[in-house]
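Read through the structure below, which is laid out as structure tokens, and then see the notes.
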Amino acid sequence: MPSDERVFTLAELEACNTPDNLKVAVRGDVFDLTEFADRHPGGRKMLELAAGRDASILFECYHPDSDRIRPLLQNYKVGRLADPPAGSLPTYPPPSPFYVDLKKRVHAYIRRESAHDRQWTHGPTQVGRFLLITALIFGFLVAAVRAESWLLC
């Protein structure tokens with residue numbers, strides 16, 4: 001830890017909860033995400049909801065592949081959170097190896113399955129589905145018109 005690293009008290013962190021001063025703590029490190037908020041893929045609002053707080057659990061829940069994101073997050077590190085008085089904050093144990101492995105497996109599964117699902121909504125298959133649905137609608141309309149004209153005779 002660098003000796004010139006700023007140490008934030010909980011009260012100082014809690015004061016950083018505005019759109020112009022948006023800081024969060026993750027696992028004891030404090031990050032200023034004010035400049036990043038508009039580029040956050042989950043939207044500025046998600047960061048504003050976490051501003052001024054220990055967002056460790058939120059970060060880990062919403063970022064299943066957090067190992068990839070941590071290097072980006074380090075670009076916004078401005079200090080660390082001072083050790084709070086005992087009992088003043090809930091403390092979160094580091095993720096267990098089981099949880100880390102499970103999270104990686106679930107993330108890989110979702111990535112693999114979402115790629116499989118895209119074949120039904122993108123590319124040539126989508127055009128085929130559109131043509132099939134259009135042909136069915138046209139067929140029903142023609143059948144309805146013919147049935148109506150047959151009934152009138």
Arg6 to Phe8, cation-pi by 6.0 Å centre distance and 45° axis angle: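 Positive - Arg6 is close enough to the ring of Phe8 and near enough to its axis.
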Once rounded to the nearest 0.5 Å, what's the spacing between atom [atom1] of [X] and atom [atom2] of [Y]?
X: Lys77; Y: Arg70; atom1: NZ; atom2: CZ; value: 11.0 Å
X: Leu102; Y: Lys104; atom1: CG; atom2: NZ; value: 12.0 Å
X: Asp32; Y: Asn75; atom1: CG; atom2: CG; value: 12.5 Å
X: Leu49; Y: Asn17; atom1: CG; atom2: CG; value: 11.0 Å
X: Leu81; Y: Asp29; atom1: CG; atom2: CG; value: 9.5 Å
X: Leu73; Y: Phe31; atom1: CG; atom2: CZ; value: 4.0 Å

Side chain to side chain contact (heavy atoms under 4.5 Å, CB included) against Asn21, all qualifying residues, sequence neighbours excluded: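 Asn21 satisfies side chain to side chain contact (heavy atoms under 4.5 Å, CB included) with Cys16, Thr18, Lys23 once adjacent residues are dropped.
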Side chain to side chain contact (heavy atoms under 4.5 Å, CB included) against Phe138, all qualifying residues, sequence neighbours excluded: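 Here the qualifying residues are Val142.
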Val24/Leu33 under side-chain contact (heavy atoms from CB on, under 4.5 Å): CA gap, chis, key distance, verdict: CA-CA 8 Å; Val24 299; Leu33 302 178; 3.6 Å; yes
Any residue meeting ring-ring contact (aromatic ring centres under 6.0 Å, His included) with Tyr99, in chain and number order, not counting sequence neighbours: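 Counting only residues at least two positions away or on another chain, Tyr99 forms no ring-ring contact (aromatic ring centres under 6.0 Å, His included).
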Partners passing ring-ring contact (aromatic ring centres under 6.0 Å, His included) against Tyr76 (at least two apart in sequence or in another chain):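 Tyr76 satisfies ring-ring contact (aromatic ring centres under 6.0 Å, His included) with Phe36 once adjacent residues are dropped.
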Heavy-atom pair with the smallest gap, counting every atom of [X] and [Y]:
X: Val7; Y: Glu12; result: O-OE1, 3.7 Å
X: Leu13; Y: Val30; result: CD1-CG1, 4.1 Å
X: Leu22; Y: Glu48; result: CD1-CG, 3.8 Å
X: Pro19; Y: Thr34; result: O-CG2, 3.6 Å

Co-membership, hydrophobic cluster, residues Ile57 and Val100, 4.5 Å side-chain: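 No, separate clusters.
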Residues in salt bridge (Lys or Arg N to Asp or Glu O under 4.0 Å) contact with Asp38, at least two apart in sequence or another chain: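 For Asp38 the salt bridge (Lys or Arg N to Asp or Glu O under 4.0 Å) partners, ignoring immediate neighbours, are Arg44.
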Pairing residues for Arg68 by the salt bridge (Lys or Arg N to Asp or Glu O under 4.0 Å) criterion, not counting sequence neighbours: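 Expected list: Asp65.
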Neighbour count above 12 (heavy atom, 6.0 Å) for Glu35 CD: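 Atom CD in Glu35 is not crowded, with 12 or fewer foreign heavy atoms closer than 6.0 Å.
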